[in-house]
Amino acid sequence: MTTVVEPGLEELAKRVDDAVAALADLDPKARAVAEELKSALEAVHRAGLVTMVRRMREDDGARAVLFELVDDPVVHLLLSLHEIIRPDPVTHANRVLVGVRPQLQSHGGDVTLVRVEDGIAYVRLEGACNGCSMSSVTLRNLVQEALVEGVPSITAVEVLPNEPSPTLIPLEALRIGPARDGWAKFGAAAEVQDGDITVRNLTTEAGERADVLVVSVEHRLSAYRNECAHEAMPLDNAILDLDNGTLTCPWHGFCYDASSGECLSAPGAQLEQLPLRIDNGDVWVRVRG
């Protein structure tokens, strides 16, 4: 007796993909006929599958068998293709985001789905999507609308703050004494309140002077020269948004990552970040390279 070996999931999926790809090579009339045949067969299959699943759900004995069948990869794929069972929220959300990602990337942005929990999709926005301009707000709304409207189990979207990329500070900047070679005392660390912007004019032991801005976000201190990368205007009255981790120039609205200095409004621009360290409870900033 000959044993028939049933094709596996990968082989079946490849046959489907190859057939769909071959449709593109047909002339318009033949392609329309083939697509109509495909649509008609799918409708027949879906109607039959819906009836089978409904009957099995109604029967106490068959319900357990149905749940076992759904765990089979081929059966799961078949029921998913006909939307008889929906994919898990994370898979479904990622599929929806594929549709909006080209538009985000065309504006220099992107989105990453972190998790879905209790009907809330937690995402991180990158590049232009995470800025403060009207265009960035539009991109954020695009992501929110796509997820809420495209995934029935998602009722809200929450944007998580980005994890700032580390700024490399030359090792030689940390090998020197705090009062020499361009370092200046900013003040006591306890005086720099979390969530605040502190601006001071510093003077080194050699007499070098510089306006320095220190930002505290979740007790992480970052020091910058007090000049916007746009037109070198001072940032004394900049807006610090702790929810998004951004620093916005009050003059022309240029928006920066508060922890790294990366410009979110104009990729490629950057605040001049200065080496910072804490010695015996005091904040020191190196104002000369």
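Counting from 1, the numbers follow the sequence of the chain as shown.
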Subject >> R15/D18 salt bridge by N-O under 4.0 Å criterion >> reply: no

Subject >> Rounded distance [0.5 Å steps], OG1 in T51 versus CZ in R46 >> reply: 10.0 Å

Original post:
Quick check: does any side chain N or O of S153 sit under 3.5 Å from a backbone N or O of G119, one acting as donor and the other as acceptor?
Top reply: no

**OP:** Kindly indicate whether the side chain of L276, heavy atoms from C-beta on, has any atom under 4.5 Å from the side chain of V214.
**Re:** yes

Original post:
In the hydrophobic cluster built from side-chain contacts under 4.5 Å, what are the other members alongside V44?
Top reply: none

Subject >> Within residues 23-37 or reaching into it, pairs that qualify as salt bridge (charged side-chain N to carboxylate O under 4.0 Å, His left out) - sequence neighbours excluded >> reply: none

Original post:
Would you find a donor on one side and an acceptor on the other, under 3.5 Å apart, between the side chain of T204 and the backbone of E208?
Top reply: yes

**OP:** Measure up the H230 and H252 rings against each other and bin them: parallel (under 30°), tilted (30 to 60°), perpendicular (over 60°).
**Re:** perpendicular

**OP:** Give the cluster check for L274 versus M233: same hydrophobic cluster or not, with ILVMFWY residues linked at side-chain heavy-atom distances below 4.5 Å.
**Re:** no

Original post:
Should V114 and I120 be counted in the same cluster of Ile, Leu, Val, Met, Phe, Trp and Tyr side chains packed under 4.5 Å apart?
Top reply: yes

Original post:
In Å and rounded to the nearest 0.5 Å, what is the SG to CD1 distance from C249 to I239?
Top reply: 9.5 Å

Original post:
Below 4.5 Å, heavy atoms only, C-beta onward: do E262 and Q270 meet side chain to side chain?
Top reply: yes

**OP:** Look only at the side chain of Y224 and the backbone of G261, and say whether a donor-acceptor pair between them is shorter than 3.5 Å.
**Re:** yes

Original post:
Would the number of heavy atoms belonging to other residues, nucleotides or ligands and lying under 6.0 Å from CG of N201 be above 12?
Top reply: yes

**OP:** Report yes if some heavy atom in the side chain of Q103 is under 4.5 Å from a heavy atom in the side chain of L142; otherwise report no.
**Re:** yes

Subject >> Heavy-atom side-chain proximity of M56 to V65 below 4.5 angstrom >> reply: yes

**OP:** Pick out which of I278, V287, V192, L221 makes a side chain to side chain contact (heavy atoms under 4.5 Å, CB included) with F186.
**Re:** V192

**OP:** Kindly determine whether D17 and K14 satisfy salt bridge (Lys or Arg N to Asp or Glu O under 4.0 Å), including the steps that lead there.
**Re:** CA-CA 5 Å; D17 291 341; K14 185 177 185 304; over 6 Å; no

Subject >> Spacing of CG belonging to L247 relative to CG belonging to L213, to within rounding of 0.5 Å >> reply: 6.5 Å

Original post:
Does CD belonging to E218 count more than 12 external heavy atoms closer than 6.0 Å?
Top reply: no

Original post:
Between T246 (side chain) and L242 (backbone), is there a donor-acceptor pair under 3.5 Å?
Top reply: no

Original post:
Heavy-atom distance under 4.5 Å between the side chains of I154 and V116, does that happen here?
Top reply: yes

Original post:
Is D279 salt-bridged to R277, going by a charged N under 4.0 Å from an acidic O?
Top reply: yes

Subject >> Pair S216, D194: side-chain N/O donor-acceptor within cut-off below 3.5 Å >> reply: yes

Original post:
Are R55 and D59 within salt-bridge range, i.e. N to O under 4.0 Å?
Top reply: no

Original post:
Given side chains that start at C-beta, do those of W251 and C228 come closer than 4.5 Å, heavy atoms only?
Top reply: no

Subject >> Any side-chain heavy-atom pair of L97 and V143 under 4.5 Å >> reply: yes

**OP:** Work out which heavy atom in T203 is nearest to a heavy atom in R209; give both atom names and the distance.
**Re:** OG1-NH1, 3.0 Å

Original post:
Between R124 and T112, does any side-chain donor sit less than 3.5 Å from a side-chain acceptor?
Top reply: no

Original post:
Between K185 and E205, is there a side-chain N and carboxylate O pair less than 4.0 Å apart?
Top reply: no

Original post:
Is D211 salt-bridged to R225, cutoff N-O under 4.0 Å?
Top reply: no

Original post:
Going by heavy atoms in the side chains, are D236 and N226 under 4.5 Å from each other?
Top reply: yes

